[in-house]
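Reviewing the structure listed below.
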Amino acid sequence: MILDKNKPVFGTLEWAPHNENFINGCAHDCRYCYSKEMAIRFKRKTSESWPEEVVNQRKLNSVVKKYKGRVMFPSSHDITPDHLEDALFYLRKLLSAGNDVLLVTKPHFELVESISSDLNSYKTQLLFRFTIGSADSDILKFWEPHAPDFDERFNSLIHACDMGFNTSVSIEPMLDKIDNIISLANRLLPYVTDAVWIGKPNFLLRRLCTNAEDSQEVLNRAKEFDSWYSDSEIHRLFMEFKDHPQIKWKDSIKKVLGLSMPHRSGLDI
């Protein structure tokens, strides 16, 4: 997909020109979730109903085409244990159609174990990208209440790597102080074959308010990011990894650093 040269690519389009989903809602119910914000804004869900995962059976059973370029799956929900079999079914359809798939998830170990076993023959077409915004499980629990803790995500990364799959990590949104983000990236890199992406929380206060996550405690925690991710701290983070070929920067950080933005989707750079 070629985009307007005056409109830089951002968000999921940095990673893939196409995306596929088959569920409305997400049981992980992350406080900052952009998909939840969009669903509430367009009255597809309420804050209370968002954690209820509703499978789009028509989409699940539809014919999957061969896309030109990588497909991100999923992009507006996650894969949770209640729908593991459906996810495996849909993934197999995407892969058997010849697609290269970027699987983005806050990983449950049983999910990664099943996918790496059942879809082992497709490993050259599948790139795991695990979202890990902090090594502190208490922080993860606060921002991502029903998603796996750090140990489960870390063990999922190790398992996928050991099984010979291509692996990557998204530290977006960052949920910890810069020194801890540096330590986290260094801890993850030995098990990453592709890249570690780093990015700031996006439109955080707006999304928290829309998602009805606007208690004083939540807002106070969100405001901590202003000092944690000041321009000077972002530059310090960049200097730590500027020569590391496996560290990549999301659009929120590229803007601070004055780095060029891609104008074509799915370049993954």
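Both backbone and side-chain heavy atoms feed into the values below; hydrogens, waters and symmetry mates do not. Everything numeric here is computed off the predicted structure, so don't read it as measured data.
Gly133 approaches Leu184 most closely through the heavy-atom pair C-CD2, 4.0 Å. Here the shortest heavy-atom pairing between Pro107 and Pro148 reads O-CG, 3.2 Å. The heavy-atom pair separating Thr167 from Cys161 by the smallest distance is CG2-N, 3.7 Å. The shortest non-hydrogen separation linking Ser96 to Lys93 is OG-O, 3.2 Å. Of all heavy-atom pairs between Val169 and Leu188, the closest is CG1-CD1, 3.6 Å. When all heavy atoms of Ile132 and Ile171 are compared, the closest pair comes out as O-CG1, 3.5 Å.
Hydrophobic clustering of Ile, Leu, Val, Met, Phe, Trp and Tyr side chains at less than 4.5 Å, counting indirect connections, unites Leu257 with Val196. Hydrophobic cluster membership is shared by Val256 and Leu259, with clusters built from Ile, Leu, Val, Met, Phe, Trp and Tyr side chains linked at under 4.5 angstrom. When hydrophobic clusters are built by joining Ile, Leu, Val, Met, Phe, Trp and Tyr residues whose side-chain heavy atoms come closer than 4.5 Å, directly or via intermediates, Phe109 is not grouped with Val192. Tracing side-chain contacts under 4.5 Å through hydrophobic residues (I, L, V, M, F, W, Y), one reaches Phe73 starting from Phe89; they form part of the same cluster.
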Solution key, residues 220-227 side-chain donor-acceptor pairs under 3.5 Å, sequence neighbours excluded:
from	atom 1	to	atom 2	distance (Å)
Asn220	OD1	Gln216	NE2	3.0
Asn220	ND2	Gln216	O	3.2
Ser227	OG	Glu224	O	3.1

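Within the structure, every pair that satisfies the salt bridge (Lys or Arg N to Asp or Glu O under 4.0 Å) test and touches residues 142-151, not counting sequence neighbours, is listed here: Glu144-Arg153. Each ring pair (Phe, Tyr, Trp, His ring centres under 6.0 Å) pair with one or both residues in residues 28-54, not counting sequence neighbours, appears once here: His28-His108. Identified under the ring pair (Phe, Tyr, Trp, His ring centres under 6.0 Å) test for residues 163-191, with sequence neighbours left out: Phe128-Phe165, Phe154-Tyr191.
Between the side chains of Thr105 and Asp78, a donor-acceptor pair is found at a separation under 3.5 Å. Thr80 and Glu53 form a side-chain donor-acceptor contact under 3.5 Å, judged by distance and modelled atom types alone. Looking only at atom types and distance, the side chain of Asn24 has no donor-acceptor partner in the side chain of Glu52 under 3.5 Å away.
In terms of modelled atom types and a separation under 3.5 Å, the side chain of Ser114 and the main chain of Glu110 share a donor-acceptor contact. A donor-acceptor pair is defined here as one N or O able to donate and one able to accept, closer than 3.5 Å; no such pair exists between the side chain of Ser75 and the backbone of Met72. The backbone N or O of Glu113 sits less than 3.5 Å from a side-chain atom of Ser116, completing a donor-acceptor pair. The backbone N or O of Asp176 lies less than 3.5 Å from no partner atom in the side chain of Ser134, so there is not a single donor-acceptor pair. Of the possible polar contacts, one joining the Asp136 side chain to the Asp138 backbone as a donor-acceptor pair under 3.5 Å is found. Formation of a donor-acceptor pair under 3.5 Å by the Lys106 side chain with backbone atoms of His146 is not found in this model.
Atom CG of Leu95 sits about 8.5 Å away from atom OG of Ser121, to the nearest 0.5 Å. The CG atom of Asn99 sits 11.5 Å away from atom CZ of Arg70, with the distance rounded to the nearest 0.5 Å. Between atom CD1 of residue Ile234 and atom CD1 of residue Ile253 there is a gap of 4.5 Å, rounded to the nearest 0.5 Å. Distance check, rounded to the nearest 0.5 Å: CG of Asn166 to CG of Leu127 gives 6.0 Å. Of the inter-residue distances, the one linking Asp29 atom CG with Trp143 atom CH2 reads 13.0 Å to the nearest 0.5 angstrom. We find the CD1-CD1 distance between Ile178 and Ile198 to be 8.0 Å, quoted to the nearest 0.5 Å.
Looking at Asp214 and Leu205, their side chains never come closer than 4.5 Å, going by heavy atoms from C-beta outward. By the 4.5 Å heavy-atom criterion applied to side chains, Thr131 and Glu172 are not counted as neighbours. The shortest side-chain heavy-atom distance between Phe241 and Asn186 falls under the 4.5 Å cut-off. When side chains are defined from C-beta on, Ile182 counts as touching Leu237, because their heavy atoms get closer than 4.5 Å. Phe150 places a side-chain heavy atom less than 4.5 Å from the side chain of Leu140. Between Ser265 and Trp15 the shortest side-chain heavy-atom distance does not fall below 4.5 Å. Between Pro74 and Ile23 there is no side-chain heavy-atom pair separated by less than 4.5 Å. Using a 4.5 Å heavy-atom threshold, the side chains of Leu91 and Leu119 count as touching.
Listed by chain and number, the residues in a salt bridge (charged side-chain N to carboxylate O under 4.0 Å, His left out) with Lys141 amount to none (sequence neighbours excluded). For Asp118, the salt bridge (charged side-chain N to carboxylate O under 4.0 Å, His left out) criterion is met by no residue, not counting sequence neighbours. With sequence neighbours left out, the side-chain hydrogen bond (donor to acceptor under 3.5 Å, both in side chains) criterion links Asn155 to no other residue. In this structure Arg129 satisfies the side-chain hydrogen bond (donor to acceptor under 3.5 Å, both in side chains) test together with Ser168, Asp194, Asp268, sequence neighbours excluded. Not counting sequence neighbours, the partners of Glu233 by the salt bridge (charged side-chain N to carboxylate O under 4.0 Å, His left out) test are Arg236. Among residues two or more places apart in sequence or in another chain, the side-chain contact (heavy atoms from CB on, under 4.5 Å) test is passed with Asp86 by Phe22, Val55, Leu60, His83. Evaluation of the side-chain hydrogen bond (donor to acceptor under 3.5 Å, both in side chains) rule for Lys250 yields Glu14 as partners, not counting sequence neighbours. With sequence neighbours excluded, the residues forming a side-chain hydrogen bond (donor to acceptor under 3.5 Å, both in side chains) with Glu20 are Lys59, Tyr67, Tyr90, listed by chain and number.
Remark: Arg207 is not positioned above the aromatic ring of Phe203, lacking an NZ or CZ atom under 6.0 angstrom from the ring centre and at most 45 degrees off the axis.
Applying the 6.0 Å contact sphere to NZ of Lys123 captures more than 12 heavy atoms from other residues, nucleotides or ligands. Surrounding CZ of Arg58 are at most 12 heavy atoms belonging to other residues, nucleotides or ligands under 6.0 Å away. Under a cut-off of 6.0 angstrom, the local environment of NZ in Lys66 is crowded, with over 12 non-hydrogen atoms contributed by other residues, nucleotides or ligands.
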Exercise for review: Please report the C-alpha distance between Lys36 and Glu213 in whole Å, then the side-chain angles of each, then the deciding distance to 0.1 Å, and finally whether the side chain to side chain contact (heavy atoms under 4.5 Å, CB included) criterion is met.
Suggested key: CA-CA 11 Å; Lys36 181 177 181 178; Glu213 297 287 355; 4.0 Å; yes
Practice item. Report the C-alpha distance between Asn21 and Ser76 in whole Å, list the side-chain angles of each, state the deciding distance to 0.1 Å, and finish with yes or no for side chain to side chain donor-acceptor pair (under 3.5 Å). Key: CA-CA 7 Å; Asn21 301 282; Ser76 64; 3.2 Å; yes
Practice item. Please step through side chain to side chain contact (heavy atoms under 4.5 Å, CB included) for the pair Leu157 and Val112, ending with a clear verdict. Key: CA-CA 8 Å; Leu157 174 65; Val112 175; over 6 Å; no
